[in-house]
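Please read these numbers as outputs of a predicted model, since none were measured by experiment.
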Amino acid sequence: MQNTAVVTRYHDAMVHKSADALADLYTEDAVHEFPFTTPGLPSRFEGREKIRAGYRAMWGASPAQVEEIRNVATYQATDPEVIVVEHEVVGTAGTAGHPFRVPGLLVLRVRDGRIVHCRDYMDAGGVAQARNA
């Protein structure tokens with residue numbers, strides 16, 4: 001699978017809050033890191049099953065519903081395994097449907113069609129606002 005196909009499937013998993021679809025993109029021993037930590041959220045997951053469980057818990061507890069991923073820009077690094085992805089997550093949160101917009105940046109290392117490492121840079125303030133809406 002090409003890196004861009006991995007990104008498309010990654011975004012689709014986000015929109016559908018599918019921890020299984022997301023985790024299935026990773027190798028068994030993958031690492032997913034959050035360099036900008038958000039209170040109440042972990043700074044990393046180690047291993048596909050920890051990624052699956054972590055996202056299942058986070059997305060299951062979140063009042064946010066992602067409606068679309070837009071302004072996507074991908075950049076292929078000189079290292080063929082590395083792709084950088086800019087995006088904007090747009091949706092609503094809470095019972096009142098408060099709109100939110102969270103910019104983010106992913107640095108993915110993809111080997112043989114699977115993510116082996118992800119550095120997930122999210123706007124921590126935007127995430128906290130969406131979680132508390």
Side-chain angles (χ1 to χ4, degrees):
M1 182 183 330
Q2 291 185 328
N3 291 351
T4 54
V6 171
V7 171
T8 299
R9 290 179 57 201
Y10 189 105
H11 285 152
D12 189 58
M14 289 174 65
V15 169
H16 293 97
K17 284 185 164 180
S18 176
D20 289 329
L22 183 70
D24 289 347
L25 294 172
Y26 288 81
T27 61
E28 187 176 326
D29 60 347
V31 174
H32 187 113
E33 297 179 306
F34 303 97
F36 299 146
T37 59
T38 302
L41 296 179
S43 62
R44 69 189 283 139
F45 297 124
E46 295 184 35
R48 180 190 304 136
E49 296 313 312
K50 296 284 187 182
I51 293 166
R52 185 184 316 277
Y55 269 94
R56 185 172 286 138
M58 286 190 314
W59 285 343
S62 174
Q65 180 57 53
V66 175
E67 294 171 357
E68 68 176 308
I69 311 293
R70 62 181 174 200
N71 298 326
V72 176
T74 58
Y75 307 93
Q76 183 64 56
T78 54
D79 179 335
E81 291 186 346
V82 177
I83 187 168
V84 178
V85 182
E86 291 180 275
H87 59 231
E88 183 178 61
V89 179
V90 178
T92 56
T95 56
H98 296 289
F100 69 85
R101 181 188 69 78
V102 179
L105 181 92
L106 300 170
V107 180
L108 302 172
R109 178 171 293 279
V110 179
R111 186 175 301 135
D112 298 326
R114 299 271 183 218
I115 300 169
V116 296
H117 190 257
C118 175
R119 290 183 60 82
D120 189 344
Y121 296 88
M122 296 180 293
D123 171 9
V127 171
Q129 183 178 7
R131 288 178 68 214
N132 296 322

Query - Heavy-atom closest pair, residues M122 and F36 - result: O-CD1, 3.7 Å

Report summary line: CD1 of I51 to OG1 of T27, rounded to nearest 0.5 Å, is 7.5 Å

Requested in this report: Output yes when a side-chain donor or acceptor of Q76 lies under 3.5 Å from a complementary backbone atom of V82, and no otherwise.
Outcome: yes

Query raised in the report: Parallel under 30°, tilted from 30 to 60°, perpendicular over 60°: which one fits the rings of Y55 and F34?
Result: tilted

Report summary line: Between F100 and A64, the two heavy atoms sitting closest are CE2-CB, 3.6 Å

**Report entry** Set of side chain to side chain donor-acceptor pair (under 3.5 Å) partners for E33, sequence neighbours left out
**Finding:** R44, H117, R119

Query - side-chain contact (heavy atoms from CB on, under 4.5 Å) between L108 and N3, intermediate numbers included - result: CA-CA 9 Å; L108 302 172; N3 291 351; over 6 Å; no

**Report entry** Stepwise salt bridge (Lys or Arg N to Asp or Glu O under 4.0 Å) check, D24 with R52
**Finding:** CA-CA 8 Å; D24 289 347; R52 185 184 316 277; 3.0 Å; yes

Query raised in the report: Hey, are the side chains of E86 and L105 touching, using non-hydrogen atoms and a 4.5 Å cut-off?
Result: yes

Report task. Let me see the working for T92 and E67 under side-chain contact (heavy atoms from CB on, under 4.5 Å), right down to the final yes or no. Result -> CA-CA 7 Å; T92 56; E67 294 171 357; 3.1 Å; yes

Query raised in the report: Applying the 4.5 Å side-chain criterion to the ILVMFWY set and letting contacts propagate, would F45 and W59 be lumped into a single cluster?
Result: yes

Requested in this report: May I have the step-by-step check of salt bridge (Lys or Arg N to Asp or Glu O under 4.0 Å) for R109 and D79, ending in yes or no?
Outcome: CA-CA 9 Å; R109 178 171 293 279; D79 179 335; 3.0 Å; yes

Query - Which residues share a side-chain contact (heavy atoms from CB on, under 4.5 Å) with E68, sequence neighbours left out - result: R70, V90

Report task. Please check if the side chain of Q65 supplies one atom and the backbone of V15 the other of a donor-acceptor pair under 3.5 Å. Result -> yes

Query raised in the report: Can you check whether A53's main-chain N or O pairs, donor with acceptor, with E49's side chain at less than 3.5 Å?
Result: no

**Report entry** Side-chain donor or acceptor of K50 paired with backbone N/O of H32 under 3.5 Å
**Finding:** no

**Report entry** Parallel, tilted or perpendicular: rings of H11 and H87 (30°, 60°)
**Finding:** perpendicular

Query raised in the report: Would you say the side-chain atoms of R48 pair up with the backbone N or O of Y26, donor to acceptor, closer than 3.5 Å?
Result: yes

Report task. Check the pair I115 / Y10 against side-chain contact (heavy atoms from CB on, under 4.5 Å), numbers first and verdict last. Result -> CA-CA 10 Å; I115 300 169; Y10 189 105; 3.9 Å; yes

Requested in this report: With sequence neighbours excluded, tell me which residues meet salt bridge (Lys or Arg N to Asp or Glu O under 4.0 Å) with R56.
Outcome: D20

Query raised in the report: Roughly how far, to the nearest 0.5 Å, is the CD1 atom of I83 from the OG1 atom of T4?
Result: 6.5 Å

